[in-house]
Every structure is written in structure tokens, then in C-alpha cells.
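All chains are named by letter (A, B, ...) in the order of the sequence lines, taking the proteins before the strands, and each is independently numbered beginning at 1. Computed over heavy atoms, backbone and side chain alike; hydrogens, waters and symmetry mates excluded. What you see is a predicted model, and the numbers here were worked out from it, not measured in a lab.
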Amino acid sequence: MGIPGLLPQLKTIQKQVTLKKYMHQTLAIDGYGWLHRASCACAFELVMDKPTNKYLQFFIRRLQLLKRMNIKPYIVFDGGSLFVKSQTETRRKKKRLENKIIAKKLWLAGDRYNAMEYFQKSVDVTPEMAKCIIDYCKTHSILYIVAPFEADPQMVYLEKMGLIQGIISEDSDLLVFGCKTLITKLNDQGEALEISKDDFSALPKNFPLGELTEQQFRNLVCLAGCDYTSGIWKVGVITAMKIVKQYSEMDDILTQIKQTEKFRLSKTFRKEVEFANYAFQYQRVFCPVANRITTLNNIPGPLINSHAEKIKIMGCIGSVVEKGSGIRKGVIDTKNIDHKVHEMIAKGELNPMDMTSILLNREKKIRTRNLYKLDLPVGEFDSLNNKAKQLPVDAHHIMFKRDGSFGNKSASSFFLNSSTTVTDVVPYIV
DNA sequence: TTTTAGTGATACAT
DNA sequence: TCTCGTCACTAAAA
């Protein structure tokens, strides 16, 4: 993740801090980062589809830590995936599946200890887990938002808008997106390292990041390798810095590299760089003030004059739901975007992956399914209450399906008026 | 020396 | 039907 080898080069400007420094401030939190760390503790349960509250407990502990310091958290979750990263994601998914098979094999063979290692490698952090945290945030008045796509640009946008004063994350990509105050390596004692963009000018001569323009910085990470480019073989951040200082334009860099026999360029590299520049600068974010979808930075007018260019950009910054048709595509004109749908995604009501289905809390979903499996009598199921309603509604309502059709009576009347048991219906918590 | 890429150990929890 | 590992150490190349 992020830029390999970038953080070590910033060692000299990393400030050892405690959370006390941010007292009375609002800090953005990379929700996925915390979810991922927390999921190690309950990898078995997550992979085997068993209920667990351990990852929520991890959040609760950390949120209490912030509360003691009088810090207001603003949790930011990742949303949908970008088309440009689809190949990386299918590769990871395949790897997770392989690890899952190994984990189950080891577990069945009785090698519990080694099985855990592979269970942890096969955990899949899902939006449903995020929803579990979101439900906690709602009942405890904690700020949160689900980004339309990646959390990184969303957090930087909140910083630009002055809604937060710093970002808690382990991802060095944030600096490329333009983050001003990055807080990394936060531990349970409230100690962390702070990296400020303002301190770039104080970096040593061999890595003068302060002398680079934002565009040169983006070129640097593209050469060294980032989330959107595979980089160039034998080029790390130091070599990339030398190259960028010598030729500031990417076109010059590429023609120069092609002439030398020193480095080998992949066929797709030029395209990767182009895509990366779009993703870093113009990715879709949600503005919680205006309640509308926007972009991290404004897309320059001349860039989107041609239709072909338009299509290309949309794959990099994320496609949105069109107003009226409800179809997901690369809408340019903000007037034609269904902002209401995207507001529901931002609030965690709709699944950010498909942008249509209701986002369910993982633990509630599993509890309900377990009720179904347990073959409980009607009376006990009734205690969960409730009236079934048309989509979308808030949590705690139940929809149920029988003979392939949705019922819309109250659950109690449905069960009391028939001899149905829970095994006959498929309950959904909506 | 400097820089890059690969390897192995390692993981959570009150 | 559904989203990210990392650190310290070492060999090897420049």
C-alpha cells in the first residue's frame, strides 16, 4: 500500500507526538485501516461467517482514547472500487481465496496455530463490517462518512474544507493527494508520528521534496510505484527524485528513459501514469456540507471537451448514478447526477459497491440468519418486533420473503395468522 | 557507500 | 454478491 520507501525518507521531519497535541480538534480517521487491524483478532470468525464483536470493540477502545483527549473523530470509510484498480483487486481476491483454502485445510488437520496465519491472510473486510461501526457511530453521535470511492481523497477533501485538522492513517498516498497533516503509527498509548507538508522544505539535500511542484511529486511516485502504477524496475523513491529533478516534464522523462538501456519501460506505463494523475487530482468525493457529489479538485474545462477523454477520466475518478435513468455511468454535468442516491451511500444506507442494495450490518445479518437456522418458534421471533416497510427504511425493521415474494405485513401478524415457523421464511433486516 | 528487491518472522485480545 | 500488511534484515548491484 502507498508508496514503498517514502515514509523512511521523511524520517527527519517525522515528529513524535501524543494525541494531547490535537485537543479540541477534529481528526479524520481511516476507517478501513482500523477495520483491517482489528480484523486480525477475529480472522477466524470473519472468514467462517460467524458472529463477532471484536472489531467493534477495537473501535470503541480507540474512540474512547480520543474522547479522553477531547478529540472529535470523523470516521471515513472506503466506498466503491475504481475501474482503474479492478485488475489489482481481482488478483488480491484470488490470493485471499487461495489462503482461505489453505487455512481450512490446516484447521481440519488440527494445526490450529498455523491455520490462524492463513485465516488472517484471507480476511475480506466488507462494507457490512463498516455498517456495524456506523450503527455504533449513529447511537453515539460520532461523525462518519462513506466515501463514494477511496477514503484518501475524501479525507483530504474534508481537510481542504476545514472540517478536520488532521488525518489518522498509515497510508503515504495521502501526501500525494495533498494532505497537510498526516498522523501515522498511532498506538494504544496515544503516541504517534506526525508528518506535516509544511516541513517538506526542511528535508535533506538527497530528498528535497519541498522543491518539487505537486505535479513533480505525482511523477515521482508514478516512477517509484504507487497504487495506480507498477513503477519502473530498479527505480525507488531516491532514483525517482533524481530523475524528476533532472527532467520535470513526464514526457521528457519517458523519452529519455526509452533511449537509455538502463531501465525497461512496460508497454502500459504511459497510460498508467495518465490514469494515476486523474485519480490523484480529480477523484470523486462527497461534500457533507452541500450534500452533493463533487471532485477533490475541479476538473479543468479543456480536459473534458472530447468524448473519448471524458470516458477515460470517468474510469479513473469513478462513475456515478445518473438522475432519472438510475444507470451507473460517467456523468460529467453535476446537474445530471442523482445526488440523493449518493447521499444515502455517504450515510451508509446504500451499499457503495453496487449503489442499489441496502447496506446491512454484518452482525445483525448473521444473527437473523442464525435465528432462521435455529428453527425458533413464532413467539420468540416475534420479540424482534416489527412492521415490514418498503425500501429503504432505517435499521431494525424486518422484511421477509415467502414463496419468492416479499411480504409487507407486520412480522407479528404474519406469524400469528399462520402456522409458519421461521424456517419457512427468509428474514431480512433492513 | 548507496539503493533496491527479496526473505522470514510476525501477528489479536483487558 | 462484497476492499489495502509490515518491519527488520540481507544480498546484490551500481
Problem set entry | Nearest-neighbour nucleotide for the A:D124 side chain, C:dG5, B:dT3, C:dC4 considered | C:dC4

Problem set entry | Interatomic distance, A:L6 CG vs B:dA5 C1' [rounded to whole Å] | 17 Å

Problem set entry | Whole-Å gap separating P (C:dC2) and NZ (A:K94) | 17 Å

Seminar exercise, completed: A:K93 has its side chain closest, among C:dC4, B:dA13, C:dC2, to C:dC2

For this session: May I ask you to say what A:K85 touches in the nucleic acid, namely base, sugar-phosphate or nothing, with a heavy-atom cut-off under 4.0 Å?
Result: nothing

Seminar exercise, completed: Rounding to 0.5 Å, atoms CG (A:L209) and NZ (A:K197) come to a distance of 9.5 Å

Exercise. Do side-chain atoms of A:N336 reach the backbone of A:K323 as a donor and acceptor pair under 3.5 angstrom?
Worked result: no

Seminar exercise, completed: Regarding the side chain of A:K365, the nearest nucleotide among B:dT3, C:dT1, B:dG6 is C:dT1

Problem set entry | A:S39 vs B:dC12: side-chain N/O to OP1/OP2 distance below 4.0 Å | no

For this session: Check step by step if side-chain hydrogen bond (donor to acceptor under 3.5 Å, both in side chains) holds for A:Y118 and A:E98.
Result: CA-CA 9 Å; A:Y118 283 93; A:E98 288 169 9; over 6 Å; no

Problem set entry | Any A:R61 side-chain nitrogen or oxygen under 4.0 Å from OP1 or OP2 of B:dT14 | yes

For this session: Nearest whole angstrom, please: distance from the P of B:dT14 to the CG of A:L65.
Result: 14 Å

Exercise. Between C:dC4, C:dC2, B:dC12, which nucleotide gets closest to the side-chain atoms of A:E128?
Worked result: C:dC2

Exercise. Considering only side-chain heavy atoms of A:Q120, which listed nucleotide, C:dC2, C:dC4, B:dA11, is closest?
Worked result: B:dA11

Problem set entry | Length of the OH-C1' vector between A:Y55 and B:dA13, whole Å | 16 Å

Seminar exercise, completed: A:I358 CD1 to C:dT1 C1', in whole Å, measures 15 Å

Exercise. Nearest of C:dC4, B:dT4, B:dA5 to any side-chain atom of A:I238?
Worked result: B:dT4

Exercise. Rounded to the Å, how far apart are A:I60 CD1 and B:dA13 C1'?
Worked result: 14 Å

Exercise. Roughly how far apart, to the nearest Å, are B:dA11 and C:dT6 at atom C1'?
Worked result: 10 Å

Exercise. When the distance from CG of A:N187 to P of C:dC7 is rounded to whole Å, what number comes out?
Worked result: 14 Å

Exercise. Is the shortest side-chain N/O distance from A:K185 to OP1 or OP2 of C:dC7 below 4.0 Å?
Worked result: yes

Seminar exercise, completed: Picking from B:dT4, B:dC12, B:dT14, the nucleotide nearest the side-chain atoms of A:T239 would be B:dT4

For this session: Name the nucleic acid region contacted by A:Q57, choosing base, sugar-phosphate or nothing; use a 4.0 angstrom heavy-atom cut-off, strictly under.
Result: nothing

For this session: Look at atom NZ of A:K100 and say whether more than 12 heavy atoms of other residues, nucleotides or ligands are closer to it than 6.0 Å.
Result: no

Exercise. Which residue, A:G79 or A:K234, contacts DNA chain C at a nucleotide closer to its 5' end, judged by nearest heavy atom?
Worked result: A:G79

Exercise. In terms of side-chain heavy atoms of A:Y32, which of C:dC4, C:dC7, C:dC2 is nearest?
Worked result: C:dC4

Exercise. Taking 4.0 angstrom as the limit, do A:K180 and A:D198 come out as a salt bridge?
Worked result: no

For this session: Remember a base hit wins even if backbone is also touched, and classify A:V123 as base, sugar-phosphate or nothing at under 4.0 Å, heavy atoms.
Result: nothing

Exercise. Mind checking the C1' distance from B:dT14 to C:dG5? Whole angstroms is fine.
Worked result: 25 Å

Exercise. Do A:Y144 and A:F77 have their ring centres less than 6.0 Å from each other?
Worked result: no

